[in-house]
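This report refers to the structure that appears directly beneath it.
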There are 2 protein chains.
Amino acid sequence: MSETTADRLVYRGKEYTCGIDVTLAVVGGKWKASILWHLAQQTMRFSDLQRQFSDTTRKMLTQQLRELETDGLVHREVYPQVPPKVEYSLTEKGMSMYPILLQMGNWAREHLRD
Amino acid sequence: MSETTADRLVYRGKEYTCGIDVTLAVVGGKWKASILWHLAQQTMRFSDLQRQFSDTTRKMLTQQLRELETDGLVHREVYPQVPPKVEYSLTEKGMSMYPILLQMGNWAREHLRD
DNA sequence: CAGGATCCAAGATGATACTG
DNA sequence: CAGTATCATCTTGGATCCTG
């Protein structure tokens, strides 16, 4: 992330009005917060994630994981064997997001009673 | 927000896998975080917000404000006069989100260097 | 001034089939 | 097992015009 003029931020070629929006761009995608939460509990194989997100297509899951990997929050470890084995885990950067995710969860429970 | 079975949450008719996703649904919309941040600084008229978000259409701004109002984060005060005057401010619930927004902004600055 | 209504383009997501 | 490719669809966001 780099700063330009008058509080404008640039991250990966896109402009944002504030850091909050950058964070939302990184963790706000569909399923991303959930993925991060699950990976914070334990390293998981792709098939484990598929089980957790049974109503999500493989395509979406893969896509979101790739983006999280690109942003450096998730590490993807490929074991060169047949059948393939791929494990996903959080990087330090990913871990650093965890406390904020917890607070977001708590906020919903405390403030959004129907 | 209410709980159903196996960690499933329901908020305003939609199902979510966790509270984090509910929070993201509420504050993750386009411009919403920015709107909340600005309103945390001061009450603003619609025209003030238009100036701040000059590259946003009235339609989008109105839509996002309406949703924030529905979710109880923003208060909309209409003054019955001609020409109309409408002021937007944060509710207590909206204010309660502010610390988390700040943390999200800080996280981006600390962890997302290009 | 502060919007609402309508139509359309673009982007995000889903279904399905195929692969090393 | 862990994907990719392609096509269809559903949802968002923008442009434009109208109103009390």
Side-chain angles (χ1 to χ4, degrees), chain A residues 11-17 21-22 24-35 38-39 42-71 74-90, chain B residues 11-17 21-22 24-35 38-39 42-71 74-90:
Chain A
Y11 178 65
R12 298 192 185 283
K14 286 194 177 180
E15 274 209 2
Y16 297 89
T17 54
D21 286 334
V22 179
L24 282 173
V26 171
V27 306
K30 208 166 187 180
W31 315 114
K32 281 187 185 175
S34 262
I35 291 172
H38 280 286
L39 292 184
Q42 59 189 311
T43 293
M44 295 177 83
R45 297 184 57 168
F46 187 76
S47 51
D48 297 328
L49 286 165
Q50 273 200 100
R51 256 183 298 280
Q52 286 297 327
F53 298 89
S54 54
D55 44 353
T56 310
T57 59
R58 277 189 303 277
K59 177 190 161 188
M60 281 310 297
L61 206 48
T62 303
Q63 186 179 305
Q64 304 296 303
L65 285 166
R66 288 287 180 286
E67 292 178 12
L68 288 170
E69 193 191 355
T70 299
D71 287 322
V74 161
H75 172 70
R76 177 169 177 263
E77 183 76 30
V78 182
Y79 295 87
Q81 61 185 47
V82 179
K85 174 181 172 182
V86 177
E87 282 188 344
Y88 291 92
S89 57
L90 288 194
Chain B
Y11 178 67
R12 300 193 185 280
K14 285 195 179 182
E15 274 208 1
Y16 297 89
T17 54
D21 286 335
V22 180
L24 282 173
V26 171
V27 306
K30 207 166 187 180
W31 314 114
K32 281 187 184 174
S34 261
I35 291 172
H38 279 287
L39 292 183
Q42 59 188 313
T43 293
M44 295 178 83
R45 296 184 60 168
F46 187 76
S47 50
D48 296 328
L49 285 165
Q50 273 198 101
R51 255 183 299 281
Q52 285 298 329
F53 297 89
S54 54
D55 45 353
T56 309
T57 59
R58 279 190 302 278
K59 176 191 165 190
M60 282 309 299
L61 207 48
T62 304
Q63 186 178 305
Q64 303 297 304
L65 285 165
R66 286 291 178 285
E67 292 178 11
L68 288 170
E69 192 190 356
T70 299
D71 288 320
V74 160
H75 172 69
R76 176 168 177 263
E77 183 77 31
V78 182
Y79 295 87
Q81 60 184 47
V82 178
K85 173 179 172 182
V86 178
E87 283 188 343
Y88 291 93
S89 57
L90 287 195

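Throughout, protein chains are lettered first and strands after them, A, B, ... in sequence-line order, and every chain is numbered starting at 1.
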So, taking the atom named [atom1] in [X] and the one named [atom2] in [Y], what distance separates them when rounded to the nearest 0.5 Å?
X     : Y     : atom1 : atom2 : result
A/T62 : A/K59 : OG1   : NZ    : 10.5 Å
A/T56 : A/W31 : OG1   : CH2   : 4.0 Å
A/R76 : A/F46 : CZ    : CZ    : 9.5 Å

Round to the nearest Å and state the distance from [X] atom [atom1] to [N] atom [atom2].
X     : N      : atom1 : atom2 : value
B/L65 : C/dG3  : CG    : P     : 8 Å
A/K85 : D/dG3  : NZ    : C1'   : 17 Å
B/D55 : D/dA15 : CG    : P     : 10 Å
A/E69 : D/dA2  : CD    : C1'   : 14 Å
A/M60 : C/dA15 : CE    : C1'   : 13 Å
A/E87 : D/dC1  : CD    : C1'   : 13 Å
B/F53 : C/dA2  : CZ    : C1'   : 17 Å
A/L61 : C/dT13 : CG    : P     : 13 Å

Determine: side-chain N/O of [X] to OP1/OP2 of [N], distance under 4.0 Å, yes or no.
X     : N      : result
A/R58 : C/dA15 : no
A/R76 : D/dA2  : no
B/K59 : D/dT16 : no

Touch class at under 4.0 angstrom, heavy-atom based, for A/Y88 against every strand present: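 Sugar-phosphate, no base atom in range.
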
Derivation of the side chain to side chain contact (heavy atoms under 4.5 Å, CB included) call for B/Y88 and B/T43: CA-CA 6 Å; B/Y88 291 93; B/T43 293; over 6 Å; no

Test side chain to side chain contact (heavy atoms under 4.5 Å, CB included) applied to A/E69 and A/H75, step by step: CA-CA 6 Å; A/E69 193 191 355; A/H75 172 70; over 6 Å; no

Sorted by number, the residues of residues 44-52 of chain A with heavy-atom contact under 4.0 Å to DNA chain C: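 Within residues 44-52 of chain A, no residue comes under 4.0 Å of DNA chain C.
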
Selected nucleotide, minimal atom distance to A/T62 side chain, candidates D/dT4, D/dG13, C/dA2: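 For A/T62, the side-chain atoms sit closest to D/dT4.
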
Candidate pair B/F53 and B/D48, rule side chain to side chain contact (heavy atoms under 4.5 Å, CB included), full reasoning: CA-CA 9 Å; B/F53 297 89; B/D48 296 328; over 6 Å; no

Shortest non-hydrogen contact between B/I35 and B/Q64, atoms and distance: CD1-CB, 3.9 Å

